[in-house]
Amino acid sequence: MALLKTVNLRKQFGETRACDGVNFVVNKGEFLSLVGSNGAGKTTLVNLISAHLQPDSGQILFDDRDITFTTVTDRIKAGIVRSFQIVNLFDGLSVFDNVALSIFSRDGKAVQMAALADHDYDVRREAIEVLGEFGLTNKIEVPAGGLAQGERKLLDVAVAYALRPRLLFLDEPTSGVSTHEKAQIMDTVSSVVRRGMVTAVVIEHDMDVVFRYSDRIVMMHEGSFLADGTPDEIRANKGVASILLGAPLAS
Amino acid sequence: MLLEVKGINTYRGPAHILHGVSISVDKDEVVALVGRNGAGRTTIIESVTGLLPVRSGQILFRDEEITSLPPHRRAKRGIGYAPENSGIFPELTVAENLMISRWLAQKTERGAAGDGNTEARAFTVFPEVRQLVDRQGQNLSGGQKKMVAIARAMALAPYLLILDEAFEGLAPAVVKRFREAVMTIKAMGISLLIAESNLVSAATMADRLYVVDRGEIVFHGKPQQALADDQVMRTLRG
Amino acid sequence: MKPDPNTPRNRSLLRLAAAMAPILLLLILLPTFVETYQIQLVTYGLIAAIAALGFNLLLGYTGLLSFGHSAYFGIGAYTVAFVVQHLGPHSMEFYILIGIPVVAIVSALFGYICVRHTRIFFGILTLAISQVVYSLVLKLYWVTGGSDGLRVPRPALLLGLLNFSGPRAFQQFITSYYYYVLAIFVVCVVLMWVVVHSPFGKALQAIRDNEVRARFLGLSIRRFRWISFLVSGTFTGLAGILWVPLNGLTTPDVLYWTFSGEIVFSALLGGFRNFTGPIVGGIVFTYLKTYAVATTEYWQLLLGVVLVTLVLVLPTGIVGGLSMLGLRLSKGRS
Amino acid sequence: MAFLTIQILNSLLYASVLFLIAAGLSLIFGVMRIINLAHGSLYAVGAYVTAWLVGRGIALGLPSGWLFLLLPFGALSVALIGIVIEPLLLRPFYRRAEEYQLLVTFGLIQILEDSIRLIWGGTPLSADALMDALPIIHVGGLLYPAYNLVVIGIGVVAALALWVAIYHTKFGVMLRATSQDRRMASALGLNVGLVYVMAFGIGCFMAGLGGAIVVPTQAAVLGMGIDALVIAFVVVVIGGLGSLKGALVGALVVSFVRTAGIQFFPELELAVLYLIAALVLLVRPTGLFGTA
Amino acid sequence: MEKTTPSVNRRAFLNTLGVTVGGTGLIGAGLVGGSQLLKAAQDPAKGRVPDTPFKTGHMTFLTGAGAVLGEPSIKGHTMAAEEINAQGGLLGKRKIETITADEAAGTDACVKEVRRMKLDAKIDMFTGVISSGTSPAVGPVAEELGLLTILTDGCTDFLFDKAIPNPKYVFRITNIQSSDGITAAIGVAQTWPHVRKIAHIHPDYAYGRNAYEHFTLALERLVPGTEIVSESWPKLFTTDFTAHITKIMSAQPDLLVASVWGGDYVAFYKQALRYGLFDKMKVASTIAFGVAPHAIGKDHPEGVLAGVHSNYYFTYPGGDRWPLNKSFVQRYFKRWNEYPNFQSEGAYMALYLLKSAIERANKLTGGWPEDEAIISQLEGIGIDAPSGYLYMRPDHQAYKDAVTGFSKNLPGYEFASWDPARIITIPIRNITAPLGWPKPGTTHNESTAAANWIKTTWPKVVG
């Protein structure tokens, strides 16, 4: 059951083909990893799907509906949500506000001017619940700018998750954190996502993480798909391993 | 030692990025800094070039302390630099991009030696650049920009050339061309410090390499040792 | 410790009230122990504070530096003057009733144009538009009185309950008007406080901090900026409305770009990253300018030096500097 | 026809001075990303210094031809002020939000305006001896002072010189490199601090030169700087901040529109200028020739 | 109305207006004697007079383009205070202390300043003000504060016509603004009755509008059949007039009427001179020589009707005919190394007017007089001034002869001054609405009482 489909998606920057006719399928309910070396085109693909970039050609279908030319807001409303590789938080706002804002925005309450944000108990309850799921309960009053790197990563996912997406893209949710934090983050993220029955696509470098948490792994190289399969299938694929370690394809 | 970095701590804004990093580059040596995105390679490089101030630690270049010198004074002492995004001035022609380095080279000991035409050496490395001199920076392709960036750093007549992700986003054939260039440059008596995310690629060029992870040097040694080191491989994969 | 989802973590409204109570009490008692002149000056200060408060919704909370807020202040002032000239009752409530919709509409119109840009381009555009208004008011002599401006006599307050005539009318008016402005000021502070703590206010701050991410929360950035502009302009316009009867007349001076500069100055002086900063800044600037003009013939020089020095040594403004000091002191103690 | 010619010359005269002010303003913005609100006041300083020097020169009995040698000094003195101001007052603010830079130069206006009064007082200073050193020429039965042609000439020469300096000299390359990528420029060995001082100095020199050449045709009066700033601002907004070509085209547009305004619609002359600026901003926020 | 306007011969009408040329006039002057102002009061003050300082607040342009008029104002005020203090002060006891305020801080700041001076600095009297924009702003403030005020300029008709129609505390000793335009029109009618095509250039604010309107009104009666061929309204504090000048010249008028003043006028005449404007037409100005005399250069063309705001020029009354002026000019020059202008004289006289009123009130009541007593003495007071005879109407607007002249380079001065043989004086009562004339908004809706008065009472001349 395909939730998302791209058809021959292309995007070129100068002479670099960041997305070279990609046909990408995400099935409902799966936890999928997108892997590949730096510059393979993973982030570009997510940017295209989230309407951060416009494709040069090709089609994007969500729930069998063509959304290629819809806006960011439309796609969020449809349920396509993403986080960012470099943590993108509202540093001047508290941890609580960061998450609450997602809920306000989702519920169309963000335009309310005459109500105190802290006094919306429905939103409050939900925000605290979400933060609880991500293990950030003790930090709710801290400004997001004052969090440690690992917590920022978690909050970044929490902000996206609070939008209650149907399809969640996480761009390197564990980059820049220590190994043991990494496991913690991935444990938290994957359990929350699975519990919430959210379809998730994770861009990730760490193959241990990828193998451990993914239902399916798609590998990109130079703008196109190189491999697609379960962790076991990918593990067995020799080409993949050499690419990831940086050897030229031919060798 | 040509370059000695001793236990530097560097911050980006409030974030503590480098934790006591020490590296060195010797004369006639190609040294690679290997690490994943966000590991701290670029921060090390910017600490060496002076674009980021270091909080503590020491940087010596040709046995002189340069820790608190501004970037332009370091460049004049012979540190050439080609950044990750190549840093080509978009509204300057390639000739003008090269000129800046050439003028400065005339004021340096090394640049003044010989006929002073430091561009000529740059052109021997990348003859293609000669055809591009009238183009504006913004009209170059990514690969061309990278070539010009290296040529420009060469025109400075450096003792040390620092390349940050010099091969990123290049077609395999072009990468090969760049690797040869590195060897040519080394043969000219210029040491290189190369930042790479790709261990195998780095290993083919470097005499020595450092593996960086989370702002620390986690491995230091010959490329073969690195490739053989399971821990290193794990770090680099994730 | 698990936070209780049913209680706001800081009992924010109560805290605001607690913080304001002593200050408010002081302000209420003020006329009993200072002279008319000081009361008048504080009234000017409160009005400047309202203007800066409005301005800061854009700068501090939305991250847009307007260099043309004189336009909204001036339009508020001129609206009152036109009402006085062409419509009947000399009633302050009537002025406010007519004035606020006018400044709101103008702010909405200009804001719609201006929020298409950000950063320096936004600043320049607001500046240019305010200068168009200024030059029109200056040139349309027969309508606006040109550089002479328009006179506004003392209005009656509270639906005509308070009228002022007779020998001590001025003193009586100042005292009454002080309370009048104080009341509106308190309402404005509370309103603005609610706005910046509302979901809308949070969204503005989110947009300020990170426009890209805000867009990926599904917020329509431009619309939020526009509404923020509208609210901001309206507050500043209200300040203009309140200012005219106190001043007795309005001239194109309040539309000139240097007056916008003074509003910016006030906000930065107090500290634009604080809710209270612009309020403090507005009042302090009123005093600063008044006493600079009074002290020396070279008041501009004095003001300029004070400005440059303040910006150099107090980068976060008075309130920012004080809270930093407070933080350091409390840290030192513990 | 003669009147038309004179009005065109008048516009060019005005454009020439405006260009000098606006080009300086634009140059400083282009390189340093600072909008120098005190730029008009620096122009006024140029006018005052020149008028004062000319007055001294006459008192010392300098022959009138020699007085022309004093013109550059008016401009140089302003450049000198700029060279002092930049490292002292502006440099601490490069790392801070742009609001603060605006505010500092706003404070600088007040300091400069009052300093002028402190030094030279309130009576207008005149330097018309320079104007009288040159003949009045006949243009189709009308008179036109040759000095005004000199001003136009200086404007043209300044525009050319600036163009050559920026596009065809070593310093120009450094200047453009710095304006495009400050970090990279310094990593390549350019002393960015020095480039900034020089760019600011040159910008101030242009403003001072504008003041110096305009003062013989008018007089140095208090407040001349504030007015000049607002108009120069309109020029750069129309032409595009940071663009030399923009300053030139903007100066011409403003001058000709203003002259047409005076001649045909005197009631709306000023408002039309701001309106044009606002419209240009709406359609092209970066001005006709600016880049973001 | 127009049809019934009677017509008379121009020469005869100018005679009935009392226009004299050559400065032989000096109507209503007191005895020609020593400089009476400087003399100490003949009798010692009656009663107990405190020796606390008498605080005055003097507001004028200290900064900006208006400072060219503000500096003479402050100098005149200072000199009068120094002279009076040298005699021991007011009533021999109270030294005059002055605080100043900058009019350039903006009309709105001026309002605040007047309040501060009265309520915070506790001044006893307020003087000064130059701009016609400031006086209607601060006049009502002074009234509501009950602050004794003698405005030394800020001459707009609007002040007493509309802003404070029934002043109690505010007096003004400058000639009323409408007399500027009318004086210039009379000068034109007297000298150049054959002009037909007229061009105008006025600063675009109240003063320029008023000058334009009253000049035009008066000239209509004095020289019927003229036509306005060009109008220019430069912004106040414009310095580039070249486009305006070319526009004026392209209209080929016989006469240019200008009310551009201060630094603006200096810039204007210098540019107009080089464009040959003065060769192509007559020029009449209401306030050309109103700046500090030395601000005008030797290069100013001769034969221009160079008004001084209908107030005072330091060479008139000249020589020994009016020693009061001669000695005033000498003392002023000694003190400040420059010649006084009308602002100097106005500010100077304001203090002497006050001194005189206080002395008279003291004689009547003894002790330091109340404000009310001073006010009742000021109303209707007559006093010799450097400019001639100064009379304060009971409605608080002063009368003094309107005066204007023609520019000429005289030996002995570093600047162009007035041709002594061609100075025109007009008794002010003949060119302004008389006491009690209906104010605008009562029985008529003209812009000023004076405009209504001219329209109603002036005949149209023929020949």
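Proteins get letters first, then strands, A, B, ... in listed order; numbering begins at 1 in each. All of these numbers come straight from a predicted model, not from anything done at the bench.
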Heavy atoms of other groups near R182(D) CZ, more than 12 under 6.0 Å: no
Which atoms of L118(D) approach chain C - backbone, side chain, both or neither, heavy atom under 4.5 Å: both
To check you understand the geometry: which heavy-atom pair defines the closest contact between L301(C) and S115(D), and what is its length? CD1-OG, 3.7 Å
Does some side-chain heavy atom of Q131(C) sit less than 4.5 Å from a side-chain heavy atom of F233(D)? no
In T258(C), L303(C), L302(C), the residue satisfying side chain to side chain contact (heavy atoms under 4.5 Å, CB included) with Q110(D) is L303(C)
Turns out that what part of L312(C) lies under 4.5 Å from chain D's heavy atoms comes down to both
Identify the heavy atoms of V311(C) and V104(D) that sit nearest to each other, and give their distance. CG1-CG2, 3.9 Å
Is chain D contacted by the side chain of F110(C), its backbone, both, or neither, given a heavy-atom distance below 4.5 Å? neither
Give me the atom names and distance for the closest heavy-atom approach of W299(C) to D114(D). N-OD2, 3.7 Å
Nearest 0.5 Å, what's the CD1-CD distance between I116(D) and Q300(C)? 10.5 Å
Here the pair of heavy atoms bringing L65(C) nearest to L102(D) is CD2-CD1, 3.6 Å
Out of V272(D), V230(D), V234(D), which one racks up the most heavy-atom pairs below 4.5 Å with chain C? V230(D)
With a 4.5 Å cut-off on heavy-atom pairs, point out which of F272(C), W257(C), F122(C) contacts chain D the most. W257(C)
Considering all heavy atoms of both residues, which atom of A278(D) and which atom of I129(C) are nearest to each other, and what is their separation? CB-CG1, 4.4 Å
Do the side chains of L241(D) and I124(C) get nearer than 4.5 Å, heavy atoms only? yes
Please classify the contact between L273(D) and chain C as side chain, backbone, both or neither, with a heavy-atom cut-off of under 4.5 Å. neither
Please check if atom CZ in R223(C) has more than 12 non-hydrogen atoms from other residues, nucleotides or ligands closer than 6.0 Å. no
When the 4.5 angstrom heavy-atom criterion is applied to L279(D) and chain C, the contacting part is neither
Anything under 30° is parallel, anything over 60° is perpendicular, the rest tilted; go ahead and classify F106(D) against F67(C). perpendicular
Donor-acceptor contact below 3.5 Å, side chain H117(C) vs main chain L281(D): yes
Closest heavy-atom pair and its distance - S135(C), Y274(D): OG-CD1, 3.4 Å
So does Y112(C) have more than 12 non-hydrogen atoms from other groups sitting under 6.0 Å from OH? no
